Engineer: 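Quick one: the structure is below, questions incoming.
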2 protein chains.
Amino acid sequence: MKLTSKGRYAVMALVDLARFDNINPVSLRDISLRQGISLDYLEQIFSKLKKNEIVKSIRGTQGGYVLNKNPNDIKLTNIFHAVDEKVKTVQCKKESKRGCNGKATKCITHNLWDELEIHINTFFDNKSLEDLIKNNKETRV
Amino acid sequence: MKLTSKGRYAVMALVDLARFDNINPVSLRDISLRQGISLDYLEQIFSKLKKNEIVKSIRGTQGGYVLNKNPNDIKLTNIFHAVDEKVKTVQCKKESKRGCNGKATKCITHNLWDELEIHINTFFDNKSLEDLIKNNKETRV
DNA sequence: TCAAAACTTGACCATTTTGGTCAGGTATGT
DNA sequence: ACATACCTGACCAAAATGGTCAAGTTTTGA
């Protein structure tokens, strides 16, 4: 059970972005240098963030990326969803409340995995980019 | 972020085992049939569960596996730990509170990942095999 | 006693996912 | 026109996943 680096990088990059956002567009090159993430890889990630309307792009010299929403309205859920970082505990479909592994009954631990998924997603739903920026400012000293 | 089938199977098998345990040792063959898990794979899993003293083995005809502890003392944490299903959110070492990616400072989202790990592990620490058996009995009707 | 049931061990392997790189673009400000 | 920065998609190596296969050893019941 681990977080992929795509999800982790996306959050790191957005926190970085949010800190400089209000002045100018932030170029991926800068984020790449500051966070130590490959520029090529960042481009893949931001392409998805853009499709999901989390950021806007500004082309040309002095261009870069800008947040497309209030940091308070960007939850971890949104970010992870954008880069296909999803929480998966079961293979059996949720909808089919019966018949998990081709069997007639629900698998005996089905409820458990559902609970777990909800538990994790709750965390993601409640945490916003705003929270992270605040927290970061405090810790920076 | 997903649960591996090794962890899932381990829990499923143990719940199954716990339900028949008090009468006789339960053979992997039976569990395999009931839960639809490959016998060979189950053997790998139970070998680890045994090393971690979660189950005991009884060889020979009519042999099988038996719980080695009270179901209430077997937490999900123990099971997952036994089969190497660990929660991993960061690569940077926890101990090195500074210098995450070869940088001088902690990575800006370090605290977040720590929080997340704790959040998930809390769930695992609190859930025991006993809870799952109860839950299962209730749902069976 | 001997065969069958069941545990034991470890090598092996195909497929998928991960975590990127590389090579080209295209748009735009100066 | 040129540098900067976004944009797109192909490609790839390595690791993890989810097993299978083979060859035992131990114990019991007939």
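Throughout, a chain's letter reflects where its sequence line sits, starting with A, and its residues are numbered from 1. Quick caveat: nothing in here was measured; it's all calculated off a predicted structure. Worth knowing before you read on, the calculation uses all heavy atoms, side chains too, and leaves out hydrogens, waters and symmetry mates.
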Engineer: Can you tabulate the close N/O pairs, meaning under 3.5 Å, that link protein atoms to atoms of nucleotides 8-10 of chain C?
Structural biologist:
{"from": "C:dT8", "atom 1": "OP1", "to": "B:Lys50", "atom 2": "NZ", "distance (Å)": "2.5"}
{"from": "C:dT8", "atom 1": "OP1", "to": "B:Ser57", "atom 2": "OG", "distance (Å)": "3.0"}
{"from": "C:dT8", "atom 1": "OP2", "to": "B:Tyr65", "atom 2": "OH", "distance (Å)": "2.7"}

Engineer: Just the rounded figure in Å: distance from C1' of C:dG24 to CG of A:Leu39.
Structural biologist: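 Going from CG in A:Leu39 over to C1' in C:dG24 covers 14 Å.
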Engineer: Please report, rounded to the nearest Å, how far the C1' atom of C:dA6 is from the CG atom of B:Leu17.
Structural biologist: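 Between C1' of C:dA6 and CG of B:Leu17: 14 Å.
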Engineer: Reckon A:Tyr9 has a side-chain N or O less than 4.0 Å from the OP1 or OP2 of C:dG20?
Structural biologist: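 Checking A:Tyr9 against C:dG20: at least one side-chain N or O falls below 4.0 Å of OP1 or OP2.
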Engineer: From C-beta outward on A:Thr61, which listed nucleotide comes closest to its side chain: D:dT20, D:dT17, D:dA3?
Structural biologist: D:dA3
Engineer: Which residues pass the side-chain contact (heavy atoms from CB on, under 4.5 Å) test with B:Thr122, sequence neighbours left out?
Structural biologist: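 Once residues adjacent in sequence are excluded, the partners of B:Thr122 under the side-chain contact (heavy atoms from CB on, under 4.5 Å) criterion are B:Ile118, B:Asn126.
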Engineer: Please compare A:Lys2 and A:Gln62 by the position of their nearest nucleotide in DNA chain D and report the one closer to 5'.
Structural biologist: A:Gln62
Engineer: When the nearest nucleotide of DNA chain D is assigned to A:Gly63 and to A:Met1 on a heavy-atom basis, which residue is associated with the more 5' position?
Structural biologist: A:Gly63
Engineer: In this structure, how many angstroms lie between the C1' atom of C:dA6 and the CZ atom of B:Arg29, rounded?
Structural biologist: 10 Å
Engineer: Check every atom of C:dT21, C:dT18, D:dT17 against the side chain of A:Ser38 and return the nucleotide holding the closest atom.
Structural biologist: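 Minimum distance to the A:Ser38 side chain belongs to C:dT21.
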Engineer: Grab the CG-P distance between B:Leu42 and C:dA6 for me, whole Å please.
Structural biologist: 14 Å
Engineer: In whole angstrom, what separates A:Lys48's NZ from C:dG19's P?
Structural biologist: 12 Å
Engineer: How long is the line joining NZ of B:Lys6 and C1' of D:dA15, in whole Å?
Structural biologist: 14 Å
Engineer: Assess whether a salt bridge exists between B:Arg34 and B:Asp16, defined as any Lys/Arg side-chain N lying under 4.0 Å from an Asp/Glu carboxylate O.
Structural biologist: yes
Engineer: With sequence neighbours excluded, what pairs up with A:Arg59 under the side-chain contact (heavy atoms from CB on, under 4.5 Å) test?
Structural biologist: none
Engineer: Identify all side-chain donor-acceptor contacts of residues 41-53 of chain A below 3.5 Å with residues at least two apart in sequence or on another chain.
Structural biologist:
{"from": "A:Lys48", "atom 1": "NZ", "to": "A:Asp84", "atom 2": "OD2", "distance (Å)": "3.3"}
{"from": "A:Lys50", "atom 1": "NZ", "to": "A:Ser57", "atom 2": "OG", "distance (Å)": "3.2"}
{"from": "A:Asn52", "atom 1": "ND2", "to": "A:Lys48", "atom 2": "O", "distance (Å)": "3.0"}

Engineer: Only counting residues at least two apart or in another chain, list the ones meeting side chain to side chain donor-acceptor pair (under 3.5 Å) with B:Asp73.
Structural biologist: none
Engineer: Kindly write out the residues that satisfy side chain to side chain donor-acceptor pair (under 3.5 Å) with B:Glu115, not counting sequence neighbours, or none if the list is empty.
Structural biologist: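 Once residues adjacent in sequence are excluded, the partners of B:Glu115 under the side chain to side chain donor-acceptor pair (under 3.5 Å) criterion are A:Lys127.
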Engineer: Could you tell me the separation between the CG atom of B:Asp84 and the C1' atom of D:dT17, rounded to a whole number of Å?
Structural biologist: 13 Å
Engineer: So if I take every side-chain heavy atom of B:Ser27 and compare against C:dT28, C:dA6, D:dG19, which nucleotide ends up nearest?
Structural biologist: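 Ranking C:dT28, C:dA6, D:dG19 by closest atom to the B:Ser27 side chain puts C:dA6 first.
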Engineer: Do the ring planes of B:His119 and A:Phe123 sit parallel (below 30°), tilted (30 to 60°) or perpendicular (above 60°)?
Structural biologist: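 Rings of B:His119 and A:Phe123: tilted, as their planes differ by 30° to 60°.
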